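What you see is a predicted model, and the numbers here were worked out from it, not measured in a lab. Keep in mind that the numbers below use all heavy atoms, side chains included, and drop hydrogens, waters and symmetry copies.
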Amino acid sequence: MIQPGSQPGESEVTAWIGEPAFEYWKKIITLIERKYPDVFVPEWLYGGKKHGWSLRYKKNKSFCTLIPEKDRLAILVVFGKEERQKVEAIKDHLSSLTNEEYEKAATYHDGKWVLFTVDSDAVVKDLEILLEVKRKPKIETPA
């Protein structure tokens, strides 16, 4: 996962992040494919030996980036100014851990860069809400 060359496949991702984290990897990808069909073409990016491979979802602007780290899955979401205002309005609907990660994230000129560790269904649920702030779903799913 940190070697240049060909992009990793499912078996490499699973071996690197572990089976439990890979289940969340699949849940996030399935969620994006279900709510945003034909919107994104996921793109593998190589960030050098230090950062390795990541899977970015982008259309015009960044949506999210799945980062397979050793024994864990992280997801990076960058919130612009207007998106941050929307997040502030819905923070009460997010878990305390997600709120904590959001609050401690650094804000740069291009937005607030929040790195979430995806290790529970609660985090996946929060990410579903936060990704809807980034982009309205193409397909609404019943609650």
Under the side-chain hydrogen bond (donor to acceptor under 3.5 Å, both in side chains) test, residues paired with E43 that sit two or more places apart = R56

ask   = Does the side chain of L55 reach to within under 4.5 Å of the side chain of W25, using non-hydrogen atoms?
value = yes

ask   = For atom NZ of K112, is the number of surrounding heavy atoms from other residues, nucleotides or ligands below 6.0 Å larger than 12?
value = yes

query = If two hydrophobic side chains count as joined below 4.5 Å and joins carry through other members, does I29 share a cluster with L76?
reply = no

key: Residue D71 excluded, over 12 heavy atoms near CG under 6.0 Å   = yes

request  = Under the salt bridge (Lys or Arg N to Asp or Glu O under 4.0 Å) rule, what do E88 and K91 come out as? Steps first, then yes or no, please.
outcome  = CA-CA 5 Å; E88 292 295 328; K91 279 175 47 176; 3.6 Å; yes

query = Is the shortest heavy-atom distance from the side chain of I67 to the side chain of L115 under 4.5 Å?
reply = yes

request  = For side-chain contact (heavy atoms from CB on, under 4.5 Å), just list the numbers for H51 and L45, CA-CA rounded to whole Å, side-chain angles, deciding distance to a tenth of an Å, and then say yes or no.
outcome  = CA-CA 10 Å; H51 299 288; L45 304 172; over 6 Å; no

inquiry  = Is it true that, when you exclude W113 itself, more than 12 heavy atoms of the residues, nucleotides or ligands shown sit nearer than 6.0 Å to its CH2?
reply    = no

ask   = Is there a donor-acceptor contact under 3.5 Å from the side chain of W16 to the main chain of P68?
value = yes

key: V39 reachable from I129 in the ILVMFWY side-chain graph, under 4.5 Å edges   = yes

request  = Quick one: sort the F63 and F40 rings into parallel, tilted or perpendicular, breaks at 30° and 60°.
outcome  = parallel

inquiry  = Between E10 and F22, is there a side-chain heavy-atom distance shorter than 4.5 Å?
reply    = yes

message = Quick one: does any side-chain atom of K125 pair with a main-chain N or O of S120 as donor and acceptor, under 3.5 Å?
response = no

key: Check: Q85 and F79 side chains under 4.5 Å, non-hydrogen atoms   = no

message = Could you check whether E128 pairs with K27 (Lys NZ or Arg NE/NH1/NH2 to Asp/Glu carboxylate O, under 4.0 Å)?
response = no

ask   = Hey, does S54 have a side-chain heavy atom less than 4.5 Å from the side chain of W44?
value = no

ask   = Should the heavy atoms of other residues, nucleotides or ligands under 6.0 Å from NZ of K59 be counted, would the total exceed 12?
value = no

message = Please evaluate residues V124 and I28 with respect to the criterion side-chain contact (heavy atoms from CB on, under 4.5 Å), reporting the C-alpha separation (whole Å), side-chain torsions for both, the decisive distance (0.1 Å), and the verdict.
response = CA-CA 7 Å; V124 173; I28 296 289; 4.2 Å; yes

Electrostatic pair E101:K104 at N-O distance under 4.0 angstrom = yes

inquiry  = Is there a side-chain contact between D126 and L97 in this structure, where contact means two heavy atoms from C-beta onward sitting under 4.5 Å apart?
reply    = no

